Amino acid sequence: MDLVLLCVFLPLVTVAWGQYGDYYYGPYNYGDNDEWVNVYRQGFNFQCPHGQVIVAVRSVFSKKEGSDRLWNYACMPASQSLGEPTECWWEEINRAGTEWYQTCSNNGLVAGFQSQYFPSVLDREWQFYCCRYSRRCPYSCWLTTEYPGHYGEDMDMMMYTYDYYIRGATTTFSAVDRDRQWKFIVCRMTDYDCPFQNV
């Protein structure tokens with residue numbers, strides 16, 4: 001009798017835990033053969049496939065290549081509870097050589113990046129590609145630690161917990177090292193429509 005109950009309830013518990021529990025993402029696929037989305041000193045535009053969001057960011061720094069970085073991103077489908085994106089857009093440009101803080105407006109989630117290199121300041125300007133899911137609202141937001149840990153180091157940021165999403169970032173820029181450190185703004189999203197929006 002106990003074995004029968006175990007066989008009946010174990011699959012149900014496993015499915016419920018997978019849908020609603022805090023489980024962890026597996027290894028990320030950064031694309032074919034881990035290729036970079038850019039070459040040094042060149043602009044790039046990266047967008048996740050429709051219905052997916054950024055879950056990992058990887059970068060390597062090269063002083064000899066104009067103090068620039070190679071970039072790569074991984075995407076995962078957003079939770080089914082969010083549904084399909086209702087709209088997507090490019091946010092305002094964050095200028096090269098400055099510190100900045102930006103979240104996706106209209107409760108959006110980061111689904112891509114666009115960047116242009118400027119040799120005059122040895123830095124990049126940045127834009128987020130954001131997608132809104134119905135009228136879901138962020139909550140339980142926090143900042144990650146700095147990526148990279150020190151200027152000039154390689155960077156590998158991954159979202160380890162399901163149902164947490166990148167909504168933006170704050171960055172600092174070192175005029176000495178000509179490099180940037182990132183703290184990503186990470187939030188959960190409600191499972192219901194909210195009567196308000198952030199701007």
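Note that the structure is predicted; figures quoted are calculated from it, not measured. Scope of the values below: all heavy atoms of this structure, side chains included, with no hydrogens, waters or symmetry mates.
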Taking atom types as modelled, find out whether [X] and [Y] have a side-chain donor-acceptor pair closer than 3.5 angstrom.
X    : Y    : result
R136 : T190 : no
S140 : Y164 : no
D163 : Y165 : yes

Find out whether [X] and [Y] are in side-chain contact, i.e. whether some heavy atom of one side chain is under 4.5 Å from a heavy atom of the other.
X    : Y    : value
L82  : L109 : yes
W71  : V57  : yes
F128 : T103 : no

Which residues satisfy the side chain to side chain donor-acceptor pair (under 3.5 Å) test with [X], sequence neighbours excluded?
X    : answer
S134 : D193
S174 : D177
N94  : Q102
S62  : none

Can you measure from [atom1] ([X]) to [atom2] ([Y]) and round to the nearest 0.5 angstrom?
X    : Y    : atom1 : atom2 : answer
S79  : R188 : OG    : CZ    : 9.5 Å
Q52  : H50  : CD    : NE2   : 10.0 Å
E153 : Y147 : CD    : OH    : 12.5 Å
S59  : N72  : OG    : CG    : 9.5 Å
C137 : Y192 : SG    : OH    : 7.0 Å
C48  : M76  : SG    : CE    : 11.0 Å

**Request:** For atom OH of Y139, decide whether the heavy atoms of other residues, nucleotides or ligands shown that lie under 6.0 angstrom number more than 12.
**Result:** yes

Those residues that, when tested against [X], pass side-chain contact (heavy atoms from CB on, under 4.5 Å) (two or more places apart):
X    : value
E146 : Q181, K183
V39  : Q42
L122 : S67, Y117, R178
W90  : N45, Q47, Q114, Q127, Y129

Do [X] and [Y] belong together in a cluster built from hydrophobic side chains that touch within less than 4.5 Å?
X    : Y    : value
M155 : L143 : no
F113 : V186 : yes
W142 : Y101 : no
I185 : M189 : no
V121 : I93  : no

**Asked** When the ring centroid of Y73 is compared with that of F46, is the distance short of 6.0 Å?
**Response** yes

**Request:** Specify the closest pair of heavy atoms between R167 and N107, including all atoms of both residues, with the distance to one decimal.
**Result:** NH2-CA, 3.4 Å

**Closest non-hydrogen atom pair between I54 and I166, with its separation** = O-CD1, 3.7 Å

Indicate yes or no for a side-chain donor-acceptor contact from [X] to the backbone of [Y] under 3.5 Å, with no hydrogens or angles considered.
X    : Y    : answer
D179 : G152 : yes
N38  : R69  : yes
T170 : W100 : yes
R41  : P119 : no

**Asked** Do C130 and C104 pass the disulfide (SG to SG under 2.5 Å) test, and can you show the C-alpha distance, the side-chain angles, and the key distance before you say yes or no?
**Response** CA-CA 6 Å; C130 301; C104 288; 2.0 Å; yes

**Fill in**
salt bridge (Lys or Arg N to Asp or Glu O under 4.0 Å) pairs touching residues 110-124, sequence neighbours excluded, are D68-R124, D123-R180

**Request:** Sequence neighbours left out, what pairs pass salt bridge (Lys or Arg N to Asp or Glu O under 4.0 Å) with at least one residue falling in residues 80-94?
**Result:** E87-R132

**Prompt:** In chain order, what residues pass the salt bridge (Lys or Arg N to Asp or Glu O under 4.0 Å) check against E125, with sequence neighbours excluded?
**Reply:** R95

**Asked** Cation over ring, R58 on W36, under 6.0 Å and within 45°?
**Response** yes

**Request:** Using the test ring pair (Phe, Tyr, Trp, His ring centres under 6.0 Å), find all partners of F184 that sit at least two apart in sequence or belong to another chain.
**Result:** W182

**Request:** With side chain to side chain contact (heavy atoms under 4.5 Å, CB included) as the test, would you mind laying out the steps for Y40 and L70 before giving the verdict?
**Result:** CA-CA 6 Å; Y40 289 115; L70 295 176; 3.5 Å; yes

